[in-house]
Amino acid sequence: MKWPKLRTFLLTALILCLIPATRYYQIDVPLLRLLRGSHRVDPLSLHLTGEFVENNLGTEQNPDGSVTVRMIAQQYLFIPHCILVPAGAPVHLRITSADAVHSLTFNGTSYAVKVLPGTISETQLNFPTPGEYKTTCREFCGAGHYAMRSELKVVPREQFPVLHQEERGSCVAQ
Ligand SMILES: [Cu+2]
């Protein structure tokens with residue numbers, strides 16, 4: 001095979017391997033979304049309009065028993081600071097960044113969600129038993145990165161309160 005042909009072949013093979021690899025490792029799911037053109041969001045107007053306005057953040061109950069959690073990652077905090085979810089229920093996480101690239105991880109689990117400005121990262125989580133998880137940012141995002149922490153509280157499913165809109169964004173309702 002001539003070199004230019006081989007080069008094209010290798011490049012194509014590399015790209016074809018890269019796409020499933022990013023899916024498998026969950027590392028750059030936002031990249032795929034970016035390529036697909038969906039799930040875009042304007043990082044500059046997050047707090048003003050759309051899905052990520054303040055009173056829409058936090059845990060929302062769905063009719064089928066699952067919950068949707070909406071969060072914003074920004075230098076150097078996660079909003080809301082404390083999240084409440086029911087044990088054993090599917091948790092649909094939707095998170096976006098207001099500035100830099102962040103990575104939301106739940107200590108003691110293998111969950112890691114990369115968060116990029118301009119796109120919504122979406123993932124399914126499940127916490128089978130009640131407990132408390134510290135959440136940290138694992139992507140160096142600037143001077144205050146090491147203080148970028150928050151909390152997730154998992155309560156027994158039957159004790160999970162019916163959250164009103166103003167209570168969604170904190171653990172106070174517990
Ligand atoms: Cu960080």
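FYI, the numbering just counts along the sequence from 1. Both ligands and their constituent atoms are indexed starting at 1 by order of listing.
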Exercise for the section: Would you please classify the geometry between the Phe127 ring and the Tyr133 ring as parallel, tilted or perpendicular, with 30° and 60° separating the classes? Expected result: tilted

Handout entry: Atom name, His145 (N, O or S, nearest to the Cu ion (ligand 1))
Key = ND1

Handout entry: 4.5 Å side-chain heavy-atom contact, Pro86 and Val67
Key = yes

Problem - Proximal heteroatom of Glu139 relative to the Cu ion (ligand 1) (N/O/S) - result: O

Exercise for the section: Look up atom CD in Glu51 and atom OG1 in Thr96, then write down how far apart they are to the nearest 0.5 Å. Expected result: 9.0 Å

Practice task
Flag His102 as yes if one of its N/O/S atoms falls below 2.8 Å of the Cu ion (ligand 1), otherwise no.
Solution key: no

Problem - CD (Glu54) with more than 12 external heavy atoms under 6.0 Å - result: no

